[in-house]
Novice: 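Structure below; questions to follow.
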Amino acid sequence: MIAFIDDHREVYGVEPICKVLPIAPSTYHAHIAQRIDPSKRSARAQRDAELKIEVQRVFAENSASTARGRSGGSCGEKASRLPAAPSSG
């Protein structure tokens, strides 16, 4: 919703858009103020932003190590190398 207001505020203005959408103009302005100055965010939001960076780093690190640890192709290829089951018959 914030992105929509950002995209259309020059043409229609914030207050008229907010009259149609379920968002108060003060909520929009508070969000923009927090975007400009992250120190205005709650302590929880600030900590979440820090953790997001760390989680992305760990995810990328683990994805790279998982890719390096793979050997020999897909599961289907590995299964085709197994001996065939004896036929009953």
Side-chain angles (χ1 to χ4, degrees):
M1 201 171 320
I2 300 295
F4 179 85
I5 296 171
D6 286 343
D7 291 344
H8 297 91
R9 67 181 287 178
E10 294 298 320
V11 176
Y12 300 105
V14 173
E15 284 74 17
I17 294 172
C18 290
K19 284 182 183 177
V20 177
L21 298 176
I23 184 172
S26 60
T27 302
Y28 172 77
H29 292 296
H31 181 81
I32 297 306
Q34 291 172 4
R35 185 190 304 166
I36 293 169
D37 183 5
S39 70
K40 293 184 179 182
R41 295 180 183 158
S42 68
R44 168 74 186 264
Q46 291 178 30
R47 180 72 177 133
D48 286 352
E50 293 169 6
L51 288 174
K52 181 179 179 181
I53 294 167
E54 180 67 9
V55 167
Q56 289 172 334
R57 182 193 65 76
V58 170
F59 179 81
E61 186 178 283
N62 287 340
S63 293
S65 67
T66 301
R68 283 192 304 268
R70 292 188 184 129
S71 62
S74 71
C75 291
E77 292 170 351
K78 290 177 184 175
S80 67
R81 293 190 300 244
L82 295 174
S87 61
S88 59

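Nothing here was measured: the structure is a model prediction, and the numbers come from that model. Note that the numbering runs from 1 along the sequence shown for the chain.
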Novice: Could you give the distance from CG (L51) to CD (Q46), rounded to the nearest 0.5 Å?
Specialist: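 Result: 12.0 Å between the selected atoms.
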Novice: What residues, two or more places apart in sequence or in another chain, satisfy ring-ring contact (aromatic ring centres under 6.0 Å, His included) together with Y12?
Specialist: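 So Y12 forms no ring-ring contact (aromatic ring centres under 6.0 Å, His included) with any residue.
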Novice: Which atom names give the shortest non-hydrogen contact between Q34 and R41, and what distance separates them?
Specialist: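 Answer, listing the atom of Q34 first, then R41: O-NE, 3.6 Å.
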Novice: Search all heavy atoms of P38 against all heavy atoms of I36 and return the closest pair with its distance.
Specialist: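 Shortest heavy-atom contact: CD-O, 3.6 Å.
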Novice: List the steps, then state whether salt bridge (Lys or Arg N to Asp or Glu O under 4.0 Å) holds for R44 with D48.
Specialist: CA-CA 6 Å; R44 168 74 186 264; D48 286 352; 3.3 Å; yes
Novice: Which residue pairs satisfy the side chain to side chain donor-acceptor pair (under 3.5 Å) criterion with at least one member in residues 19-29, sequence neighbours excluded?
Specialist: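 Only D6-Y28, R9-Y28 qualify under side chain to side chain donor-acceptor pair (under 3.5 Å).
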Novice: I5 and V11: same hydrophobic cluster, using ILVMFWY side-chain contacts below 4.5 Å?
Specialist: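 Both belong to a single hydrophobic cluster.
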Novice: Give me the atom names and distance for the closest heavy-atom approach of A33 to K40.
Specialist: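 Nearest heavy atoms, A33 then K40: O-CD, 4.0 Å.
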Novice: Taking atom CD1 of I2 and atom CD1 of I32, what is their separation to the nearest 0.5 Å?
Specialist: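 With rounding to 0.5 Å, CD1 (I2) is 6.0 Å from CD1 (I32).
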Novice: Would you indicate whether E10, at its atom CD, is surrounded by more than 12 heavy atoms from other residues, nucleotides or ligands within a distance under 6.0 Å?
Specialist: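 Open.
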Novice: Just to verify, what does R47 make a side-chain hydrogen bond (donor to acceptor under 3.5 Å, both in side chains) with, not counting sequence neighbours?
Specialist: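 By the side-chain hydrogen bond (donor to acceptor under 3.5 Å, both in side chains) rule, R47 matches E50.
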Novice: Within this structure, what is the SG-CE distance for the pair C18 and M1, rounded to the nearest 0.5 Å?
Specialist: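 So the SG of C18 and the CE of M1 are separated by 9.0 Å.
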